[in-house]
Protein chains: 4
Amino acid sequence: MSSQKSSADPTNRSPKQKRGHERVAILTEAAAKVFLEKGYEAATMTEIAAEATSSIGSLYQFFPTKVLLAEALHVERLRQLNAALVELQSSVGGMRASEIGDAIFTRLGDFLEEHREFPVLAARRDIPKERKATSRAELRGNIAALLQKAVPSIDNDIDLLAALVLELLRIIVTAAYDPDIGGDPRMVTELRGMLRKRLEEAAP
Amino acid sequence: MSSQKSSADPTNRSPKQKRGHERVAILTEAAAKVFLEKGYEAATMTEIAAEATSSIGSLYQFFPTKVLLAEALHVERLRQLNAALVELQSSVGGMRASEIGDAIFTRLGDFLEEHREFPVLAARRDIPKERKATSRAELRGNIAALLQKAVPSIDNDIDLLAALVLELLRIIVTAAYDPDIGGDPRMVTELRGMLRKRLEEAAP
Amino acid sequence: MSSQKSSADPTNRSPKQKRGHERVAILTEAAAKVFLEKGYEAATMTEIAAEATSSIGSLYQFFPTKVLLAEALHVERLRQLNAALVELQSSVGGMRASEIGDAIFTRLGDFLEEHREFPVLAARRDIPKERKATSRAELRGNIAALLQKAVPSIDNDIDLLAALVLELLRIIVTAAYDPDIGGDPRMVTELRGMLRKRLEEAAP
Amino acid sequence: MSSQKSSADPTNRSPKQKRGHERVAILTEAAAKVFLEKGYEAATMTEIAAEATSSIGSLYQFFPTKVLLAEALHVERLRQLNAALVELQSSVGGMRASEIGDAIFTRLGDFLEEHREFPVLAARRDIPKERKATSRAELRGNIAALLQKAVPSIDNDIDLLAALVLELLRIIVTAAYDPDIGGDPRMVTELRGMLRKRLEEAAP
DNA sequence: CATGAATGAGTATTCATTCAT
DNA sequence: CATGAATGAATACTCATTCAT
């Protein structure tokens, strides 16, 4: 249910030494920062390298393409996101429907706050729809698993509910990313409330 | 009394002749199409001109900047959107809370289906936050007015509710824009349901 | 000695009505202003038309080319300049060598102050060298005539002296045009002094 | 530690490798040539790159802007010019007033003959007046220092005299630049003579 | 492997000039 | 003739990517 694929895409040459692993991490974080600040298209490989206090050549050593760099980062974040959901499973046993939504919101909200570049990566227009579908399916699956585990009695519409959670989260992400709206915490409260109600209704 | 261009004024030249008005309309629609297909950043002034079977010079005659072109289109769509909301006012008098949400969803859903480039325009990263706030405020105001008119008894949290409607619509937009998800009409139904419930609760 | 050619270059269609003459004057002055402000290359036909509160089409009606417009203006200014020199002839009879230089400086200084775009026009890189030589020759000739008339005893080197006067004036022009230097009136005094001395020496 | 480019810093990238230094030199000379031939505005970055048998990208690697390229070249020439003046100091001790002017004319004449693009660079309309004033001041200072060293008894008006030298040189430059006039060596002789006389008078 | 130089196709934008109304 | 729309070659500049050292 969770994703355990090795983080190295076959297209990237994977670093052979520890040195390389550190470099990759630094480059990746630099990319995250620049993608967040500038957006995917406006971010330049040169600026990312500079942010990592590394050279263009070095950046290309590990990520032979801007697309591949974005993808690597995206995949990594998805892995972390799914891992967070999986981890949540151990603590939701026996929760009431009204609580599971909150738990998910809280956990994923934390994730998204820490990795604010995530929506930028997810919104890239050149993600092959296939990969997109797969990613969505995996996330939805993990959320569905959570719902299921917490409230075994819902199995009807469970996939739809999972998708709904995802969409509601997307609002929060967007709102949080957009400084104008994000300030109003009542919006999050509202959304949590709506979800809670829906879940209670699904599993009375 | 001319002044085709003048590097110092950041405004679109408005056409003075019939020919000009027609051309502007064609250019605008071409821009809408290309922005939708490619996204704002990847859209090319050259391609837009080509799509309009105009010369690049003609495009720049009326829209001296890519930003200004996008803005003009965005403003136009916002105008239409707000007009639709205002128009809706005349038909909501006496609706029940449970119906007003549906009415809005339907009307705005239609709009968004017809103008699929809207989210692209609205997501541009270079919109000055001030303008963004103003636009949001206007939309929210019109939605609030609708809610108020239909159900005068809600005045508590009416702005928050309006904002909520906007966010839920954003989901639909995004989902509709994203071919993978948009197909599932149950999602829209879900969202409508959630909103209906919330509104009923607000105005029992 | 002075130039009396008709101001209309054969390449320009000359206006047939009074209306046309006014237009031409307005356009010409607008051109003068814009050339002065922006320089020849940076000046645009569009801006010139706007400055004349006229349309591009109208501008092109009278001056079918930017080059032709600049040339027409240049020729007009040269005509005025030469006319001023010719006019001066009637008042220099019997002046001493030490005075004639001052007289020329004063008169031409006035001209250049009133028509500050002159150096811009004269510095255009695309003036055919032939025309350039002719213009210079005419100016030099008129200055030589002045010197001759005032101090008939100088005939040796009179052309060289005339050229010298021209060059010294160029300094003033440049300096006057350049706000940083122009402020210092002592420079003009110096140049006048040097010229006076040289002339006295030439005609003891 | 890279940072090839970064849209926010208005500086030339300095080369870090030997290859880079060579390229910069080639590009600079190519720029000098094209600026001289075409003038600043008409000179094209593409043509400069071609003249240097480099790619346009290489040119921009080191000179991120046409303005910056011109400035770099201008600054370099000013440096050389000032260096020439400073160097001259060691050989003017004890010269007579009548000689120092000639020495300066000769030295700077050589410089200007070798770097004929200099006036083009100096005449650019977009030089910030502040920089212009500074450059002038430095040149004037060096000339003043020369005059002072050679003829310590002049201190009255020394700055004005230095400015005068500069202006007289400007004539030569302009004349030399302008093929029509430059040919006449008597003009230079005249100017030298005038200056000599003025200096003798200043330091009898 | 790291570094940064080299490449060049691609992009927004300008502007003289021509043309339809 | 006036007006302003149409045209498109030309230009500065960008940036992903490749290569030499």
Side-chain angles (χ1 to χ4, degrees), chain A residues 13 15-17 19-20 23 41-47 49 54-62 64-67 69, chain B residues 1-5 7 13 15-24 41-49 54-67 69, chain C residues 13 15-17 19-20 23 41-47 49 54-62 64-67 69, chain D residues 1-5 7 13 15-24 41-49 54-67 69:
Chain A
R13 296 173 222 159
K16 300 288 189 295
Q17 297 140 32
R19 236 14 199 277
R23 240 322 132 80
E41 310 233 24
T44 73
M45 292 299 270
T46 303
E47 187 176 358
S54 160
S55 71
I56 270 275
S58 209
L59 175 53
Y60 271 89
Q61 193 76 31
F62 296 108
T65 276
K66 189 182 174 186
V67 169
L69 171 57
Chain B
M1 219 54 86
S2 93
S3 102
Q4 293 186 295
K5 207 157 286 182
S7 58
R13 316 276 157 276
K16 319 276 181 201
Q17 299 180 355
K18 188 164 52 133
R19 222 175 10 144
H21 278 101
E22 287 161 10
R23 187 50 62 99
V24 163
E41 311 232 26
T44 277
M45 291 300 267
T46 305
E47 186 176 359
I48 291 170
S54 294
S55 68
I56 186 70
S58 257
L59 175 53
Y60 274 92
Q61 175 108 41
F62 298 108
F63 303 99
T65 278
K66 189 181 173 186
V67 168
L69 172 57
Chain C
R13 294 173 224 162
K16 299 287 187 299
Q17 297 140 32
R19 238 11 201 280
R23 238 324 131 78
E41 311 234 25
T44 74
M45 293 299 271
T46 304
E47 187 177 358
S54 160
S55 72
I56 269 274
S58 209
L59 175 54
Y60 270 89
Q61 193 76 32
F62 296 109
T65 275
K66 189 183 175 185
V67 168
L69 171 56
Chain D
M1 219 52 89
S2 94
S3 103
Q4 292 187 294
K5 207 157 284 178
S7 58
R13 316 274 158 276
K16 318 277 182 202
Q17 299 180 356
K18 187 164 52 136
R19 224 178 6 146
H21 278 101
E22 287 161 10
R23 187 49 64 99
V24 162
E41 311 232 26
T44 277
M45 291 300 268
T46 305
E47 187 177 357
I48 291 171
S54 292
S55 69
I56 186 70
S58 256
L59 176 53
Y60 274 93
Q61 174 109 43
F62 297 108
F63 302 100
T65 278
K66 190 181 171 185
V67 168
L69 172 56

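Lettering follows sequence order; numbering is per chain, from 1. The analysis underlying the following values was restricted to heavy atoms, covering all of them including side chains, and did not include hydrogens, waters or symmetry mates.
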In dot-bracket form, 5' to 3', how is DNA chain F paired? Count Watson-Crick and G-U wobble pairs only if both distances fall under 3.5 Å, and write | where the partner sits on another strand. .||||||||||||||||||||
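Comparing L59(C) and F62(B) by the nucleotide of DNA chain F that holds the closest heavy atom to each, the one mapping nearer the 5' end is L59(C). Summary of the strand contacts: S54(D) and S58(A) both lie near DNA chain E, and taking for each the nucleotide with the nearest heavy atom, the more 5' one is attributed to S58(A). Nearest-nucleotide assignment on DNA chain F puts the 5′-proximal partner with P15(B), out of P15(B) and R19(D).
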Enumerate all atom pairs, one protein N or O and one N or O from nucleotides 9-13 of chain F, separated by less than 3.5 Å.
{"residue": "dA12(F)", "atom": "OP1", "partner": "A43(D)", "partner atom": "O", "Å": "3.3"}
{"residue": "dA12(F)", "atom": "OP1", "partner": "K66(D)", "partner atom": "NZ", "Å": "3.4"}
{"residue": "dA12(F)", "atom": "OP2", "partner": "M45(D)", "partner atom": "N", "Å": "3.0"}
{"residue": "dC13(F)", "atom": "OP2", "partner": "Y60(D)", "partner atom": "OH", "Å": "3.2"}
{"residue": "dC13(F)", "atom": "OP2", "partner": "K66(D)", "partner atom": "N", "Å": "2.8"}

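For the pair F63(D) CZ and dA5(E) C1', the computed distance is 14 Å after rounding to whole Å. Put simply, CD1 on I48(B) is 11 Å from P on dT13(E), counting in whole angstrom units. Distance Q61(A) CD to dT18(F) C1': 12 Å, rounded to the nearest Å.
Expressed to the nearest 0.5 Å, how far CZ of R13(B) lies from OH of Y60(B) amounts to 12.5 Å. Here R23(A) contributes atom CZ and L59(A) contributes atom CG; the two are 10.0 Å apart, rounded to the nearest 0.5 Å. Annotation: the span from M45(A) atom CE to K66(A) atom NZ amounts to 8.0 Å, rounded to 0.5 Å. Separating the OG atom in S55(A) from the NZ atom in K16(D) is a distance of 12.5 Å, to the nearest 0.5 Å.
Put simply, R23(C) has a side-chain N or O that comes within less than 4.0 Å of OP1 or OP2 on dT3(F). Of the side-chain N and O atoms in S55(D), none sit less than 4.0 angstrom from OP1 or OP2 of dG8(E).
Qualifying side-chain hydrogen bond (donor to acceptor under 3.5 Å, both in side chains) partners for T44(D), counting only residues two or more places apart in sequence or in other chains: none.
The shortest non-hydrogen separation linking G20(B) to P15(B) is C-CB, 3.4 Å.
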Apply side chain to side chain contact (heavy atoms under 4.5 Å, CB included) to V24(D) and F63(D), showing your working. CA-CA 9 Å; V24(D) 162; F63(D) 302 100; 4.0 Å; yes
